[in-house]
Structures are given as C-alpha cells and as structure tokens.
There are 2 protein chains.
Amino acid sequence: MSAGSSDDKPNLRSIASLAGVSHMTVSRVLNDHPNIRPETREKVLRVVEELNYQRNSAARALATRKSRRIGVIVDRPVEIGPDSTLRAVEHAAREAGYSVSSVAASPDDDGVQPREAVAYLTAHGIDALCVIAPRASSVDVLRAITDGIPTLIVKADDDPNFLTASVDQRLGATLAVQHLIDLGHREIVHVAGPLDWLDARARERGWHAHLKKAGLHIPPAFVGDWSADSGYEFAVAFDELPPFTAIFAANDQMALGILHGFRDRGIRVPEDVSVVGFDDLPVSRHFLPTLTTVRQDFHALGTLAVEILVAVLEGDDPGKRSRIAPELIVRESTARPRSM
Amino acid sequence: MSAGSSDDKPNLRSIASLAGVSHMTVSRVLNDHPNIRPETREKVLRVVEELNYQRNSAARALATRKSRRIGVIVDRPVEIGPDSTLRAVEHAAREAGYSVSSVAASPDDDGVQPREAVAYLTAHGIDALCVIAPRASSVDVLRAITDGIPTLIVKADDDPNFLTASVDQRLGATLAVQHLIDLGHREIVHVAGPLDWLDARARERGWHAHLKKAGLHIPPAFVGDWSADSGYEFAVAFDELPPFTAIFAANDQMALGILHGFRDRGIRVPEDVSVVGFDDLPVSRHFLPTLTTVRQDFHALGTLAVEILVAVLEGDDPGKRSRIAPELIVRESTARPRSM
DNA sequence: CGCCGCGACGTTACCGGGAACATAGGCTCC
DNA sequence: GGAGCCTATGTTCCCGGTAACGTCGCGGCG
C-alpha cells in the first residue's frame, strides 16, 4: 500500500524516480553508455534489480526502429537437417541478443508460399531474414521482395543478391563418391533429392563432377523427393535398372527406404550393393545395416549464419568465412563389391 | 519528386493525409470498427493498398500492451514429436494472427534452463506461453515464474495451475499393450523414457495399468533416455534380462536401437521378440523390420494448443476439449510368440 | 421548435523507450 | 580568473499506433 510500490509494471520513469535520477540516466545505464558515475550506475542497478525491471521491447523497437528480431523461413520442416539448423540459429541469435520468428513453408505449394512467409515476417517486424533449405524457385521469389532487409540464404553457391552460408555440399558428395571408388566400385548411381532444391542440386553436381574426374561412367540420376518412401520405390525397381554396385543417396531417409526396398527384393547390403547416405541423422547409426553417410555440422552452420547476419546488422564486416566442411562417417552399409 | 510520395515507410498519418481524413479514421478502418461510411472506408483502403502500408507492430504492441505473440518452450528439440508440434503451433498461431517465438531448452541442464527460457521470452514480449514436452521439474519451475501470462503445457494430466492439451499418452500405451496381449504375449516389458518426462511417465503408467488390468506379470521398467543408443544398450544386454517375448518402447528411436541390438545379438524380430514403438516417425515404416507403433497426431495437438490459448487471450471460454486420441499402426515388428 | 441521441468523424493524450540538445559543475590552461 | 572543454545528467520531443473524449450535422419526437 505504500506509495513507492505500484502494482503496474515498472518502467524507466518509475525506476528513475525511485533512484532519484532522470529516466534518461536509467536508460543510459541500461545501455552501457559511457559517462555514468559508478555510484549512479550502482544506485540505478539496485533499483532495477529490486523491481525486477524488464525493458519493454515494443517501446524500444518503436524508438530505435529496430526489432532485434531475425525472421527465419524453413522450407522443409520436420526433417532433421533444417530443424537442427533452425535450432542452432535460434540459439546463436539468443546469444547475440536477438530473437527469432520462424515460418515453416509447407512443401506442397510452390512460389506463392515464400512470398506470404516474408509478408508475415515483415508484418511482425524483423531486422533480417534467414532462409533455410530453399528451392531455387523460392530464391527467385525472394529476390523480388526482400528489398531493404539483409537476407541470408543457407545455400552453397555465392549469390550477388544475398548473404550465404552453407555446409559444402559438393565436398560432401565428393567424399561419399571417393569412398565408394576407394572400395573398388565402378558403377555408382545417385538417388537425388528434387533438383529444384539447391542442396539436392549441389549434391548431384558433386557426384557427377567427381565421377567425371575419376573417368567413370555417369549414369542418369534418379530423382526422389527426400522421403524414405521414394527411396523404397527406387530400390524395389532394381530389376529394371541398369546394373550398378553402389548408391549415393542424397539423404539418409532415402537411403533407409533403399535398404528397406532391397530387403524386400532380396538384395543384400552391403554384399550386393553398397549404400551411402547424407546428413547422419541420430538414428542412422542404428539402421540395419548401419548407414555410411556424410555428416553435416548443423550447429556450426546455424551459428555461422547468425554471425554473418548480426555482423551486417551492427555494421561490421561479415568477413569471408569458408564453408563448413562435412565429414564422412563409415559404417556397415558400404563394402568392396563382390566382383572384385 | 512530387510532394505526395515520400521515401519513408508510410504510417497512419501519411495514409490519412493522402486520403483526406484523420489518422484515427484510418486506424478505425484497419481495425474494422463500426460506424465508418463505406465510401470513407474504400477511400482509405485504396490509399493503403497503393502505398502497400503495413502496420507497425511495435507501435501497436506499445499502445495496446499486447504483443500478439506466443512464446514456446521446446524441451526436447530435434526430435520429430516436439518439432512437429512446434510447427503445428506456429502454423495455427499464424492463422489466428499471432506470431511465435520459440526457445529450445537444451536437454543437459536441469531446472535452471526453463527459468532462463521464460525470462528470455518475456523480455521480448509475449502474451502467452506454450510449453512442449516438459519434464516434471520444468513444470515446477514454471509454476513459480509464470505469474500473469496464460500458460499452456502440452501434457496429459490436468493441472490446476496451467492450461493443458495433449495426445492421450496412456491410451496410446494401452493400445500398444493390448495389441501385444491380443497376439498372445504374456511377458511384456517396457523400455521407458526418462521418468522425469511427463510423457514418459504417462506411457509407463499406461503400460503398467493395462498389464495389471489384464492380470499379467509386471516386470520392472527399463529406463532409457529416448535415444536409439539407449535402446541398443538395452537390447544387447538381453541375455542378462529376465525372459520376455515382447517389448513396448516409449518411442520409435529406442525401438530402432532395440532392433539393432537384437540383430547384433542374433535375436530375430518378430520371430523371437515383438517390438512396439511410439510416435510413428516418417521413417519408422522403413525400419527393418518395419515398426509397429502408436501414431500421434501432432498437427491436431498443436492446433488444439493454440485454439485454447487464443480463446483465453481473447476472453472466450476455452471449453472442455477431449484429449487427442492416438492410433495403433501395425507393421512387421510384432507377431504371435513362438511358444504358442 | 428546441432538445436529444446517434452516426461519423476529429483532437488530444498517452504507451515506454531513445535521440538530440540543453545545462551545470569541475578542471585545465593561458 | 575567466574562456573553453569535458563529464555527468536533465529536458524535450518523437517513434507510430490506440483509447478516450469532443464535435458536428441530422433526424425524430414531445
């Protein structure tokens, strides 16, 4: 009931009057301005502590015209890679004092979806935009509508219009293919993701380029849709396919579907065919057979993305970082071909 | 260069002057107030359209003292269940005109983490809080610190302090156990999740209660950590375990680890032992053998959660909804026991 | 015929911060 | 010893909305 304690949420002015200073002094203390006497700072901080004061982020955003918020568009939700990256972005953003608002674009729609996602995010006020796992078509749409705010796309190729960060997809594909070549495989097919996806295309290119470099035959790539189901379909059609002894699948889900399809067809992995995946899902080490795959460090990726964006937002130089290198994890699903 | 067009972002006042009305009229039009002449409305909307005006959400939040934002805490990130639920919450929130800010609590820390998560979210301004896949300890912490804002916890039991929404975990466990009983199994063990997790406990209770009801022997539950690794560890210790013919695993990951461990021990599934999982991951239908499991409708769950929260925020009655019913999906990993 | 009520707006005062500028002491330096 | 400057702080206004209240014209009604 005392006059000093109000039931309302404390604000700069109430802190100020309790500390016997002006609200600007409180503001300066909270923003670490120089030229504040230590005693004054202490006095203010004590009151802040006591009232458990929290800055009103809306007022702050209004006054500074900055929301300290990063919008994220996730193109392929509920899959480990993108989700892990998102989690890492959220974490890194929080560390940097930013918050994150994310929108999952559903995989069905094409083209129109990213536009809505951007509209939604900008309507809620964001300082920067981060796009995870995009399709080429999404990038085109973004090009047209993200004028003004810094935009980073998680994709392998540099882009004059956007900031980029990525795991080196082509290197990952190279590692996978080289591993198979080292084992003695000569006919190595690729089960790709939808080639509109930039990552899918980069992996396909890496596979293609490395086969070419090794002077091996380059069969046409089979295009799946990332799902285990599409891998299964590929595998059960084995009899109708040209011969091969090894498969590089563009992700672990499709690799799993392939394992399943081969079992249903009586084809043994790795005795008859070797299989390599991509991503290293936490469960991939328990597939039967356990899956040889390419591991991506999603955490490092998300962190890198935020570092770059924050650097731009704060006016620093984002610098030239190298892409993040993936790593080959060898397990049971690959072996020397029988014919050797 | 005409005076009418400014480079700055349009605001209520600039719209107003172009439309020849006061800024309050524009505000009223945008907020669908009654008592606006149709012509006036049209006139305003035309200008709004033309300038592609977007409301400043920070100013709005400041004036109304409402952010139209829901904070979400995800306790177990990068696992399909929680992530799917999060996606569904984001989607439903967007439909309802709310935005979402989420924080992933890392699984290592205990207790202190939820506190930080709440602090972070409230600092950025949220109207409501939604907690996904929590541990009992998290709930205790929340009880102490979420005074004021409506909080919904995705958990099975009603709670006097919080709103709740959930898939009926005990029913799911019952379905799994009954399926095994129907096949003729009499010794059914449970590989549980960490019992501090409410969902883990609910599944364990469901298993326990249904065995009791059926008059079957109730062996001690083995407690894993949700990971496939822990399922593997359980399975390879088979020889040291009391005999059983069926396993109900608390999630699909652990079930997968069990399949892997049994293969390494030469135990066949389902010939020697039947295995049931929980969640129905998209990949579970491709495990070898394909996994019998309990499917949860995460999308419905997330939608329900947001419906309840929004109802409370808008002053409506959230009503009494039933829990969402899970569904048993029968695949290859379960069969009649050999001894029958 | 004058008063009332109401529809359709306009005016003003906030919301809670921060930028820009003002001010008041203390110190240096010639 | 006063001009000039730096330090520490206060004043004022503004960000872009919304709430609350004021105003004005018009129709109904006693």
Side-chain angles (χ1 to χ4, degrees), chain A residues 6-45 47-48 51-69 97 99 122-127 314-315, chain B residues 6-45 47-48 51-69 97 99 122-127:
Chain A
S6 157
D7 253 11
D8 299 322
K9 227 150 232 153
N11 60 25
L12 276 191
R13 266 101 176 164
S14 58
I15 300 283
S17 75
L18 283 186
V21 297
S22 78
H23 82 276
M24 269 317 295
T25 299
V26 179
S27 172
R28 284 192 262 255
V29 167
L30 263 39
N31 289 323
D32 275 327
H33 275 240
N35 305 348
I36 298 281
R37 252 190 317 163
E39 312 123 67
T40 311
R41 175 189 307 278
E42 288 254 336
K43 200 166 50 177
V44 168
L45 288 180
V47 179
V48 165
L51 296 198
N52 189 25
Y53 167 75
Q54 305 223 120
R55 230 193 312 249
N56 180 318
S57 71
R60 189 171 155 87
L62 179 57
T64 59
R65 292 132 170 269
K66 295 199 175 124
S67 65
R68 296 192 70 78
R69 185 132 54 126
S99 83
T122 55
H124 283 270
I126 56 171
D127 293 340
E314 323 247 293
Chain B
S6 157
D7 252 13
D8 298 323
K9 226 150 234 151
N11 60 25
L12 275 191
R13 267 97 174 167
S14 58
I15 300 284
S17 74
L18 283 186
V21 297
S22 78
H23 75 279
M24 268 316 295
T25 301
V26 180
S27 172
R28 283 191 264 254
V29 168
L30 263 39
N31 289 322
D32 276 327
H33 274 239
N35 304 349
I36 298 282
R37 255 190 316 163
E39 313 124 68
T40 311
R41 173 188 308 276
E42 287 255 338
K43 201 166 48 177
V44 168
L45 288 180
V47 180
V48 164
L51 296 198
N52 190 25
Y53 166 76
Q54 306 223 120
R55 235 196 306 251
N56 180 317
S57 70
R60 189 171 154 87
L62 179 58
T64 59
R65 289 124 174 271
K66 292 193 178 134
S67 65
R68 296 193 69 78
R69 186 128 60 119
S99 82
T122 54
H124 284 269
I126 55 171
D127 293 341

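So that the names make sense, note that chain A is the first sequence line, chain B the second, and so on, each numbered from 1.
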Please name the pair of heavy atoms, one in A:His124 and one in B:Gly97, separated by the smallest distance, quoted to 0.1 Å.
-> CE1-O, 4.3 Å

Return the value, rounded to whole Å, for the distance between atom CZ of B:Arg13 and atom P of D:dC14.
-> 11 Å

Whole Å only: how far is the CZ atom of A:Arg28 from the P atom of C:dC21?
-> 14 Å

Which atom of A:Ser57 lies closest to which atom of B:Ala123, heavy atoms considered = CB-O, 3.6 Å

Verify the contact: side-chain N or O of B:Tyr53 to OP1 or OP2 of D:dG17, cut-off strictly under 4.0 Å; return yes or no.
-> yes

Residues within residues 55-66 of chain A bordering DNA chain C, heavy-atom distance below 4.0 Å = A:Arg55, A:Asn56, A:Ala59, A:Arg60, A:Leu62, A:Ala63, A:Thr64

Within the pair B:Asn31 and D:dT18, is there a side-chain N or O less than 4.0 Å away from OP1 or OP2?
-> yes

Could you check if a side-chain atom of B:Lys43 sits within less than 4.5 angstrom of a side-chain atom of B:Val29, using non-hydrogen atoms only?
-> no

So which one's nearest nucleotide on DNA chain C is more toward 5', B:Thr25 or A:Met24?
-> B:Thr25

Rounded to the nearest Å, what distance is computed from the CD1 atom of residue B:Ile15 to the P atom of nucleotide D:dT18?
-> 13 Å

Find out whether B:Arg60 and B:Arg68 are in side-chain contact, i.e. whether some heavy atom of one side chain is under 4.5 Å from a heavy atom of the other.
-> yes

Can you tell me the distance, in whole Å, between the CG atom of B:Leu30 and the P atom of D:dG17?
-> 9 Å

Answer yes or no: side-chain N or O of B:His23 and base N or O of D:dT18 forming a donor-acceptor pair under 3.5 Å.
-> yes

How close or far is atom P of C:dG18 from atom CZ of A:Arg68, stated in whole angstroms?
-> 11 Å

N or O in side chain of B:Ser27 less than 4.0 angstrom from D:dT18 OP1/OP2 = yes

Which heavy atom in A:Asn11 sits nearest to a heavy atom in A:Tyr53, and how many Å separate them?
-> CA-CE1, 3.6 Å

Please list, by residue number, the residues of residues 32-45 of chain B whose heavy atoms come closer than 4.0 Å to an atom of DNA chain D; answer none if no residue qualifies.
-> none

For residues A:Val48 and A:Leu30, report the shortest heavy-atom separation together with the two atoms involved.
-> CG2-CD1, 4.1 Å

Which pair of heavy atoms, one from B:Ser27 and one from B:Leu12, lies closest together, and at what distance?
-> CB-CD1, 3.8 Å

